Each structure stands twice: as C-alpha cells, then as structure tokens.
Amino acid sequence: MNPIKRIKGTQDILPEDSPKWTALEETIRKTMALFNYKEIRTPVFELTDLFARGIGELTDIVSKEMYTFQDRSKKSITLKPEMTAPVMRAYIENNLQAKSQITKLFYISPLFRQENPQAGRLRQFHQFGAEFIGAGSPEADAETISLALAIFKSIGLKGLELNINTVGDAESRVPYKKILQDFFNDEIKTPSDEVKRRIENNPLRVLDSKDPQLEEIIERAPKLIDHLNETSAQHYQTVKNILKAQDISFIEDTTLVRGLDYYTHTVYEITSSWLGAQNAICGGGRYDLLGQEISGKPIPAVGFAAGIERVLMALASQDGQIAEPRQLDAFIIALGDDAVNAAQSWLMKLRNAGFTSDTDFLKRSMKAQFREANRQQAKFVLILGENELAQNLFAIKNMESGEQQDVSFDQAIEFLKTLN
RNA sequence: GUGGGUGUAGCUCAGUUGGUUAGAGCACCAGAUUGUGGCUCUGGGGGUCGUGGGUUCAAUUCCCAUCACUCACCCCA
C-alpha cells in the first residue's frame, strides 16, 4: 500500500520547528499591540468574485494561481490567495467604519496559491500583515512601514533593504498609462503575447518585467514620477520626509510596481539579503481603489503583508535563535505494576503543581526509561520501584549533577519546588 | 507551464569502469553495568538501490519512460 503523502508545496510544521512559529507570532502580536492594531480573522475561502474584482482579473494571482472550485450549490469558491481583499470585504460587510473612522487591523493567516514550489515559495504559505483603513494621509503609509520594520527588528532580522516607489493616484495614472502605452508600442518591436497583454491592460506592469531584452527599453521609459499630479507628488514627498525623520533608510526604485491592480500612491517592498531568489519578505502599499471595487464606495487604506516562512528562513540562515527548546521538569520512572499505577496519580499531582512532567508508558526496563528521560531532557527523575513504594518515597535524581536522594512522598513536591 | 539537479537503511551520504551475501557515520535496540541516563566498548535489527520497461549470460550500475523531491525562470510573501 502506498502511504499517503502531503500535497506538493505544503509543509508539516514539526515539533522541532513549531516553537519558532509561536515565538514569531508572539512578537507580531506584541508589536501590533504597541501600534494599536487589532486582530482580524477571516474565512479560508471566499467567493471567487472577491479576488477577481478586488485583485484584478489579469494579475498572475487571479489568472493562473488560485485554488478555485465549485461547491455543491455551484458557487465558485476560492481559497484565499492574499488577505487584503478579504479584510476589506469584512470591514465593509461588518460596517466597521461606523464604529470608528479609522480602523487598524492585523492578521496572521494561511494563504494558498497554486504555483510551482521553490525555496521560499509554497502552495500553502503564511503571511502576517496590517491594514490601516480609513485614512488617506501619507502619515498612515509611513506608519505601516515603520510597523513592519519594528516587527523585523524585534525578532532580530538583519540585512534588510526597504525599497519604495509611488504609482500615483488615479488622476495621474490615467494619462501616464497612455504615455507608457505609446512608448512601449513604439519601442518594443516584437512583444511576446504576455507583454502585449500587459501593454494593453496594465502598462505599469511591463516596468517590473525582468525580461533582459526589455531591460534597456524599460530604463528609458517615461517615469511616472515625472508625470505625477500635485497631490500625488506631495503625498510621496511627505512619506519620504517622515521616513527620513525616523532614520529609516530606503532606496527609491522607480521600477517597483507590484503585481496587484489595487495599489495607488506609495508602494514598498522589504527584501532580505539572506534569502535565495525569492528575497522579498514583505510587500505593501496604499490601495485606495480596492474599496471601490468591492463596495462601490471609495475607502482609503494602506497596508503590508509579510511572508512568515521567508522571515523564518532568513532568521535561520543568519543563525538567529528565536526560541529555546522546551525541556521537561520531571520524569517518573516506574518499575512494576503497582508503581506504574501510583505514577499515574503522581503525574497528575506534579502537573497540578505546575511541573511539566511525563512518564514511560511502555513498562520498559529502568535503563530504557532513563534513556527516555534523557531524551526528553528531564531535569529530575523520580524513581518509583517496589522499594520506594513500600517506604512511601521517591528516589529523586538530578539529571544534570547526577546527585540522587530519597525524598518522602509528602515532601516530594516541596523538594522539587526548592530545586527548580 | 518551462528548464536544470537529485532519488541507495529512520536521517546524511559513499559505492559498484555491469559480476557472489550493497557499505559508512548518526539514530534505534540489547549487552558490558541482574534498579540508574549522558561518555566508552561489544553486538544486533533494519534495504522492492523511486517505479516501469529495454539492452545483456548478468543491471543498484548503461539506455528510455514515468513519478517524486529540489532549485531556478515567469511572478510573488
């Protein structure tokens, strides 16, 4: 019989790794609280339309990476490939703007994209992120950036680079798109179908193409930064000023566009020098157009999403220790049926007293039980054999020093407390 | 979807220019120590050599196909 294996691009997070996840999650929650962001959790699946309309039909995510299926009522359902659209949907559906004009939310969530896996890219992966909804001010943009950096700093991630750019507001983008389209149509003689499609539908996305044949043309392409209207230019400048005032260093990258249709104004990306080809650990920006797509009403918002697997990979390759392995306080070695029974009650007493504790469940030899205690990195072993049982005592051994002494049952818990 | 790399013990990997019973280290189990872990020594269990086919007297080795894993491209966290 063939054993069933996990689905390609998925991962089991085993006990040796899960403490790193919880440590990172704790850091995220702590820092989010410092910045006054509240947690939101949304369903793992949504109506396909949410992503098709929200993210954009022509984006890579929607056009070729979604896990989409029909449920029994023939509705088209999609496992969420990103969190911004679901959060915005929940914000609107639950009428959160009625509670407060500004809503600051964060999430930690699994996401799904059907791509070919490679280092730092999975089919089920996890992101944490923040969404600042209800303010169109550049100060909000800057806060999400410093929030992301604060989390990375707090877990000790080094070698990060912040890239920023602006894609302008709708008013500057429409005329610029036309200028770009004309430029590319003139310059690119033999566009591939993909490039042709992008020129037609979203010429901005040609800018972040990595096709070496286009590299030279992209460099000469008209820059959006030269075609920004007054509002957009001012917005971008303010964001940069705030970052400078906070001593946050950044690199301006005019080809940074980001794949999703809903971005406006500020876009940014944080990369790590410790990773392979997939070196972006965080991406974000302002998305004032998304609310419009979902609800018909414009809603200013800005946020970021960061990849948990990539953060952990970067930490691992820079040798960052974020979680201590947990060890066991007490291990009961029981010899003989009567002792095994007594050990079960004693386990409960130890646990009630707050000692992490365990015992052998296989009635193995004393040597084997000691080995097990050692494997579990037990600090103390409580030996309970026929002799000890008869005298109402444990032989308690300190596994580090090797010292051992008899301690009566009624003093055992107190004894451990003084030593622990 | 496309290209490269790798599939041999639980893990990391050697190896056979095609030839008898396929190896090491680590891990595991047992003994040395009849009720004491870690260190040491001795012994032991464990393999469809990814799968299917081809060439051959003979294939784990050569060839083809296929699957899995992995890295990379496009793009993204």
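The chains referred to below are lettered A, B, ... by the order of the sequence lines, with proteins before strands, and numbering in each begins at 1. Since we're looking at a predicted model, the values are computed, not measured. Reckoned from all heavy atoms, side chains included, excluding hydrogens, waters and symmetry mates.
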Q: Could you go through the side-chain hydrogen bond (donor to acceptor under 3.5 Å, both in side chains) check for A:Lys30 and A:Ser154 one step at a time?
A: CA-CA 10 Å; A:Lys30 220 170 73 190; A:Ser154 170; 5.4 Å; no

Q: Show your working on side-chain hydrogen bond (donor to acceptor under 3.5 Å, both in side chains) between A:Ser232 and A:Ser172 and close with a plain yes or no.
A: CA-CA 8 Å; A:Ser232 298; A:Ser172 358; 3.0 Å; yes

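Counting non-hydrogen atoms under 4.0 angstrom, A:Arg310 reaches a base of the nucleic acid. Across all strands shown, A:Lys397 has heavy atoms under 4.0 Å from base atoms, whether or not it also approaches the sugar-phosphate. Within the 4.0 angstrom heavy-atom criterion, base atoms lie near A:Glu400. Base engagement by A:Gly120 is indicated by at least one non-hydrogen atom pair under 4.0 Å involving a base atom. Nucleic acid contact class of A:Ala305 (heavy atoms, under 4.0 Å, all strands): sugar-phosphate only. Using a 4.0 Å heavy-atom criterion, one finds that A:Lys64 contacts the bases of the nucleic acid, with or without backbone contacts as well. Residue-level contact check: A:Gln114 touches neither bases nor backbone, having no heavy atom under 4.0 Å from any strand. Heavy atoms of A:Ile333 sit nowhere under 4.0 angstrom from any nucleic acid atom. Within 4.0 Å of A:Ile308, counting heavy atoms only, lies no atom of the nucleic acid at all. Within the nucleic acid shown, A:Arg205 comes within 4.0 Å of sugar-phosphate atoms alone, with no base atom in reach, counting heavy atoms only.
Close to B:A68, at under 4.0 Å from its OP1 or OP2, lies no side-chain N or O of A:Lys8. A:Arg258 has no side-chain polar atom (N or O) that falls below the 4.0 Å cut-off from OP1 or OP2 of B:C75. OP1 or OP2 of B:C75 lies within a sub-4.0 Å distance of a side-chain N or O belonging to A:Arg198. Put simply, A:Arg375 has a side-chain N or O that comes within less than 4.0 Å of OP1 or OP2 on B:C29. The side chain of A:Arg113 places no N or O atom within less than 4.0 Å of a non-bridging phosphate oxygen (OP1 or OP2) of B:C75. For B:U70, the OP1/OP2 oxygens have no side-chain nitrogen or oxygen of A:Gln118 closer than 4.0 Å.
When atom types are taken as modelled, the side chain of A:Arg258 and the backbone of A:Gly285 share no donor-acceptor pair closer than 3.5 angstrom. Within the 3.5 Å criterion, the main-chain N or O of A:Gly402 finds no donor-acceptor partner in the side chain of A:Asn398.
B:G31 and B:C49: their C1' atoms are spaced 32 Å apart (whole Å). One P atom belongs to B:U8, the other to B:U12, and the distance between them is 8 Å to the nearest Å. Straight-line distance between the P atoms of B:U20 and B:A32: roughly 39 Å, to the nearest whole Å. Distance check on atom C1': B:G47 versus B:C28 gives 16 Å, rounded to whole Å. Comparing B:C64 with B:A77, their P atoms sit 41 Å apart, to the nearest whole Å. Across the C1' atoms, B:U48 and B:G4 are found 29 Å apart, a figure rounded to whole Å. Taking atom C1' in both B:C63 and B:G25, one finds a spacing of 34 Å when rounded to whole Å. The same atom, C1', is picked in B:C62 and in B:G18; the two are 8 Å apart, to the nearest Å.
Rounded to an integer number of Å, the gap from CG of A:Asp406 to P of B:U36 is 15 Å. Between A:Leu256 atom CG and B:A77 atom P the separation is 10 Å, expressed in whole Å. Rounded to an integer number of Å, the gap from CG of A:Leu157 to P of B:A77 is 17 Å. For A:Asn387 and B:U34, the CG to P distance is 15 Å, given to the nearest whole Å. The nearest whole Å value for the distance from the CD atom in A:Gln369 to the C1' atom in B:G35 is 11 Å. Counting to the nearest Å, the P atom of B:C75 and the CD atom of A:Gln278 are 11 Å from each other. At whole-Å resolution of the value, CG in A:Leu335 and P in B:G37 are 13 Å apart. Between the CZ atom of A:Phe370 and the P atom of B:C39 there is a distance of 15 Å, rounded to whole Å.
Within the 6.0 Å centre-distance limit, the rings of A:Phe394 and A:Phe409 are counted as a close aromatic pair.
One finds a salt bridge joining A:Asp182 and A:Lys178 here, because a Lys/Arg side-chain nitrogen approaches an Asp/Glu carboxylate oxygen to under 4.0 Å. Between A:Arg113 and A:Glu82 there is no salt bridge, since no side-chain N of the basic residue sits under 4.0 Å from a carboxylate O of the acidic one. With respect to the salt-bridge test (charged N to carboxylate O, under 4.0 angstrom), the residues A:Lys75 and A:Asp71 do not qualify. Using a 4.0 Å cut-off between charged side-chain N and carboxylate O, A:Arg220 and A:Glu187 make a salt bridge. With salt bridges taken as basic N to acidic carboxylate O contacts below 4.0 Å, one links A:Arg41 and A:Glu39.
The side-chain heavy atoms of A:Arg121 and A:Glu115, taken from C-beta on, include a pair separated by under 4.5 Å.
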Q | Protein-to-nucleotide contact annotation, 5' to 3' order, nucleotides 1-6 of chain B [B base; S sugar-phosphate only; - none; under 4.0 Å, heavy atom] | A | BB----

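Looking at the side chain of A:Arg364, the nearest of the listed nucleotides B:A77, B:C29, B:G35 is B:C29. Proximity note for A:Arg371 (side chain, C-beta onward) versus B:G38, B:C75, B:U36: the nearest is B:G38.
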Q: Dot-bracket for RNA chain B, please, read 5' to 3', with Watson-Crick or G-U wobble pairs under 3.5 Å on both distances, ( ) within the strand, [ ] crossing, | other strand, . unpaired.
A: (((((((..((((.....[...)))).(((((.......))))).....(((((..]....))))))))))))....

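Relative ring orientation between A:His227 and A:Tyr176 is described as tilted, the plane-to-plane angle lying within the 30° to 60° band. Ring pair A:Tyr287/A:Tyr263 is perpendicular by interplanar angle, where above 60° counts as perpendicular and below 30° as parallel.
Side-chain to base pairing of A:Gln404 with B:U36: one donor and one acceptor N or O lie within less than 3.5 Å of each other.
Mapping A:Ile7 and A:Glu386 onto RNA chain B by nearest heavy atom places A:Glu386 closer to the 5' end of the strand.
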